[in-house]
Amino acid sequence: IMDLNRASRYLSYLLRHHPEAAGITLDAHGWADVDQLLAGMKKHRITRAQLEEIVAADQKQRYAFDERRTKIRANQGHSIAVDVELREGEPPARLWHGSAKRFAASIEVQGLLPQSRLYVHLSTDVQTARKVGARHGEPIVYEIDCAAMRRDAYVFYLSQNGVWLIKQVPYRYMKEVQER
């Protein structure tokens, strides 16, 4: 019986970073042909029904089908250049970003950079940011002054699954959230 969790992680790997690993290509907007994807997922073979289940059950809503359900894409988190047709948005006054404490010195110098991804991901609450940071080690959470960034003409995007994205966050707009 296929572990859908592992299949979901592999799907994320393919649709965000390495479509060539399944012998597929993504179009300019990150869409992949569902039949080609299923045929190319040799490492974690799944059925169309299992793919539908992964997409529907994913709590973070990482994936989307097109209207005809013949194409699929990751909603954000790509390290390859695709235009997922993000919509520019007016963020709340404050958002949060979680990282690992071992990166703090670098962050104080460079601010937040997308690293291997196309955008920096920002969370709408401290708890989510802390969970994200904990995936990389001992977590550190920063509060981002989005109101000031907007006044200074920074552009924010809202992904289809509700994650706020930005090209970078200079350190002057950040402050460390102390543990409560």
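Each residue takes its place number in the sequence, starting with 1.
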Heavy-atom distance under 4.5 Å between the side chains of [X] and [Y], does that happen here?
{"X": "Asn161", "Y": "Gln76", "answer": "yes"}
{"X": "Pro19", "Y": "Leu14", "answer": "no"}
{"X": "Leu26", "Y": "Leu15", "answer": "yes"}
{"X": "Arg69", "Y": "Glu52", "answer": "yes"}
{"X": "Leu95", "Y": "Thr124", "answer": "yes"}
{"X": "Glu53", "Y": "Val55", "answer": "no"}
{"X": "Pro170", "Y": "Met149", "answer": "yes"}

Backbone N/O of Thr47 and side chain of Gln50: donor-acceptor pair under 3.5 Å = yes

Within the distance-only criterion (no hydrogens, no angle test), does the side chain of His29 pair as donor or acceptor with the backbone N or O of Val84 below 3.5 angstrom?
-> no

How long is the gap from [atom1] on [X] to [atom2] on [Y], to the nearest 0.5 Å?
{"X": "Leu11", "Y": "Arg62", "atom1": "CG", "atom2": "CZ", "result": "10.0 Å"}
{"X": "Tyr63", "Y": "Ser12", "atom1": "OH", "atom2": "OG", "result": "4.5 Å"}
{"X": "Leu158", "Y": "Arg87", "atom1": "CG", "atom2": "CZ", "result": "4.5 Å"}
{"X": "Tyr171", "Y": "Ile144", "atom1": "OH", "atom2": "CD1", "result": "10.0 Å"}
{"X": "Thr70", "Y": "Trp31", "atom1": "OG1", "atom2": "CH2", "result": "9.0 Å"}
{"X": "Ser159", "Y": "Asn75", "atom1": "OG", "atom2": "CG", "result": "6.0 Å"}

Check the hydrophobic clustering (I, L, V, M, F, W, Y; side-chain heavy atoms under 4.5 Å; chains of links allowed) and say if [X] and [Y] are grouped together.
{"X": "Tyr13", "Y": "Val132", "result": "no"}
{"X": "Val177", "Y": "Ile140", "result": "no"}
{"X": "Tyr10", "Y": "Ile46", "result": "yes"}
{"X": "Ile80", "Y": "Leu86", "result": "yes"}
{"X": "Val163", "Y": "Val169", "result": "no"}

NZ or CZ of Lys167 within 45° of Tyr119 ring axis and under 6.0 Å = yes

Which atoms form the tightest heavy-atom contact between [X] and [Y], and what is the distance?
{"X": "Pro91", "Y": "Arg150", "value": "CD-CD, 3.6 Å"}
{"X": "Ile54", "Y": "Ala7", "value": "CD1-CB, 3.9 Å"}
{"X": "Ser79", "Y": "His17", "value": "OG-ND1, 2.7 Å"}
{"X": "Met174", "Y": "Gly111", "value": "SD-CA, 4.2 Å"}
{"X": "Cys146", "Y": "Pro92", "value": "CB-O, 3.2 Å"}
{"X": "Gly133", "Y": "Pro139", "value": "C-CB, 3.8 Å"}

Are His97 and Tyr142 close enough that their ring centres sit under 6.0 Å apart?
-> no

Side chain to side chain contact (heavy atoms under 4.5 Å, CB included) between Glu176 and Val141, worked out = CA-CA 6 Å; Glu176 185 180 340; Val141 176; over 6 Å; no

Tyr173 and Leu112: side chain to side chain contact (heavy atoms under 4.5 Å, CB included), yes or no, with the steps?
-> CA-CA 10 Å; Tyr173 298 106; Leu112 297 174; over 6 Å; no

Is Arg94 salt-bridged to Asp145, going by a charged N under 4.0 Å from an acidic O?
-> yes

Arg16 meets the salt bridge (charged side-chain N to carboxylate O under 4.0 Å, His left out) criterion, sequence neighbours left out, with none

Enclosure of Glu88 CD (heavy-atom neighbours >12, cutoff 6.0 Å) = yes

